[in-house]
J.: 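Quick one: the structure is below, questions incoming.
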2 protein chains.
Amino acid sequence: MGGTGSIERNIKSKKVVEKLFVIKIGGNVIDDDASLQSFLQIFSSIKAKKILIHGGGKVATKIGDKLGIESKYVNGRRITDEATIDLVTMVYGGLVNKKVVAKLQSLNCNAIGLTGADANIIPAVKRPVKDIDYGFVGDVEASKIGASTLQILLDNGMMPIIAPLTHDSHGQMLNTNADTVASSLAVSLSKSYDVRLIYCFEKKGVLENVNDDDSVITLITKEKYKQLTDDKKLFDGIIPKIDNAFDAINSGVKEVLIGDAKDLIQNVTDNTKGTLIK
Amino acid sequence: MGGTGSIERNIKSKKVVEKLFVIKIGGNVIDDDASLQSFLQIFSSIKAKKILIHGGGKVATKIGDKLGIESKYVNGRRITDEATIDLVTMVYGGLVNKKVVAKLQSLNCNAIGLTGADANIIPAVKRPVKDIDYGFVGDVEASKIGASTLQILLDNGMMPIIAPLTHDSHGQMLNTNADTVASSLAVSLSKSYDVRLIYCFEKKGVLENVNDDDSVITLITKEKYKQLTDDKKLFDGIIPKIDNAFDAINSGVKEVLIGDAKDLIQNVTDNTKGTLIK
């Protein structure tokens, strides 16, 4: 009898940390109605707490073209001028975000669509002008992220759906890379949750052989990563993604998964199909 | 000593109902940067709990013109076709809503921008086609309004800023008149709060003499209203607004105020400048 009591005490004294999935989808999912619908069906079926960060897809460029808003690039980097920040606020924060929210509501997922300005969840600083003036681009103020606000929403059964927009706390919306928004939120929320950060992209995972879509490396640890880079096994494009994943892990995120949106149902289990980085 | 105890018990047993302001602004405030800024300054200074519902202003028509989206009317009523619902979702739910939210954040007001789809706060039914097909227009499902969700946000220091958009719970956004959104929310929240519903419009209040902007009728009771209509003192345009105000009051709203956005600072006190209806 005494034994049972001490087990109970042990269970109670052990801090139970809840799981949270922070999931990022890109333009390839947003742009295709069928892909989006099937992704959202899987997303809504996930029983654990979850946050979705979505990119904008091609619709911003299409609407921008019609409005005569030119896409400007300097050294291959897009510049966000005044017309462009209005455009992306409209398209990402309005059209795309509410389309996703309304669809999730129809799937009985209590989605709440937000930008970084809403409830001050992602304050940012307009990127300082050095060689290039990126315009209205925001660098996230990591220490000021409203993790406790997101926790209030999550604890009350709301699933935040976040457009990649931030604000400068002086009344200006800013454009921020969706991958960065996802990793910043994941890091900030890892103080309260066991966070798995999931990047949905156009491949099943990190490939051992770039020409073979089924050659997914299912687990990358720090040691494995060193070995893969020493052996020059990885294609250049994936290296920054893995570096960013380890940055997030070093800052508290439990694990990062890179995989196909279609495989999300497996990728939220222990039996992942994509590449788990930890 | 016993006396003090019973006073304490009396205070505790008396239900203290908190004040809530549900404030609607129209296009005239949204369209003019200086008016909007000064309105938001006053709004942010209100210490009580508050919700803002905003119309869209002329910017939707301007952007629609550029995108080649024609405004369609039947018998003077605007029709919301597929292109138009996307347009207003973008402009009201994205551009205008986030502009207001970012400005309020800069004024230390913890605004959270929402449409009726977000957290399922305003479910609606697509208006049935009778003589006219209004398209994607939503009639609010009053009994399903998410008052408890709004209360959670308010109790946690967030001020909901609501675009006049609803959803049909099957994945479709719908366009709903901002006055109707405001009164529906006010009625639903009146179960938990002492609600003053404030309609900001382009005059100081209901005028005794339509040509004299200073002839504001400061108080309209049911008796006074009967007398004013019997005496044919009211101009036609204001009668539906007053009828709607009494509908809200009959459904639980404590009082309705009609006044100029510029006078909001007085209109949230007991010493109102506009027309108080109760």
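Just so you know, these numbers come straight off a predicted model, no measurement behind them. So you know, we letter chains A, B, ... as the sequences are listed, proteins then strands, and number each from 1. Heavy-atom basis, side chains included; hydrogens, waters and symmetry copies ignored.
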J.: Shorter than 4.5 Å, heavy atoms on both sides: which option in A:Leu87, A:Leu107, A:Ile152 has the most such pairs with chain B?
T.: A:Ile152

J.: So which N and O atoms of chain B and chain A form donor-acceptor pairs under 3.5 Å?
T.:
unit_1   : atom_1 : unit_2   : atom_2 : d
B:Lys98  : NZ     : A:Asp118 : OD1    : 3.2
B:Lys98  : NZ     : A:Asp118 : OD2    : 3.0
B:Gln105 : NE2    : A:Ala117 : O      : 3.3
B:Ala111 : O      : A:Ala119 : N      : 2.7
B:Gly113 : N      : A:Asp118 : OD1    : 2.7
B:Ala117 : O      : A:Gln105 : NE2    : 3.4
B:Asp118 : OD1    : A:Lys98  : NZ     : 3.2
B:Asp118 : OD1    : A:Gly113 : N      : 2.7
B:Asp118 : OD2    : A:Lys98  : NZ     : 3.0
B:Ala119 : N      : A:Ala111 : O      : 2.7

J.: Using non-hydrogen atoms only, which part of B:Ile63 is less than 4.5 Å away from chain A: side chain, backbone, both, or neither?
T.: both

J.: Less than 4.5 Å to any heavy atom of chain A: does that hold for the side chain of B:Leu114, its backbone, both, or neither?
T.: side chain

J.: Relative to chain B, which of A:Ala119, A:Gly68, A:Gly93 shows the most heavy atom pairs under 4.5 Å?
T.: A:Ala119

J.: If you tally heavy-atom pairs under 4.5 Å against chain B, which of A:Ile112, A:Ile121, A:Val88 wins?
T.: A:Ile112

J.: Find the one option among B:Gly157, B:Ala117, B:Gly116, B:Gly171 whose heavy-atom pairs under 4.5 Å with chain A are most numerous.
T.: B:Gly171

J.: Looking at chain B, which one of A:Leu104, A:Leu165, A:Val101 has the largest number of heavy-atom pairs inside 4.5 Å, strictly under?
T.: A:Val101

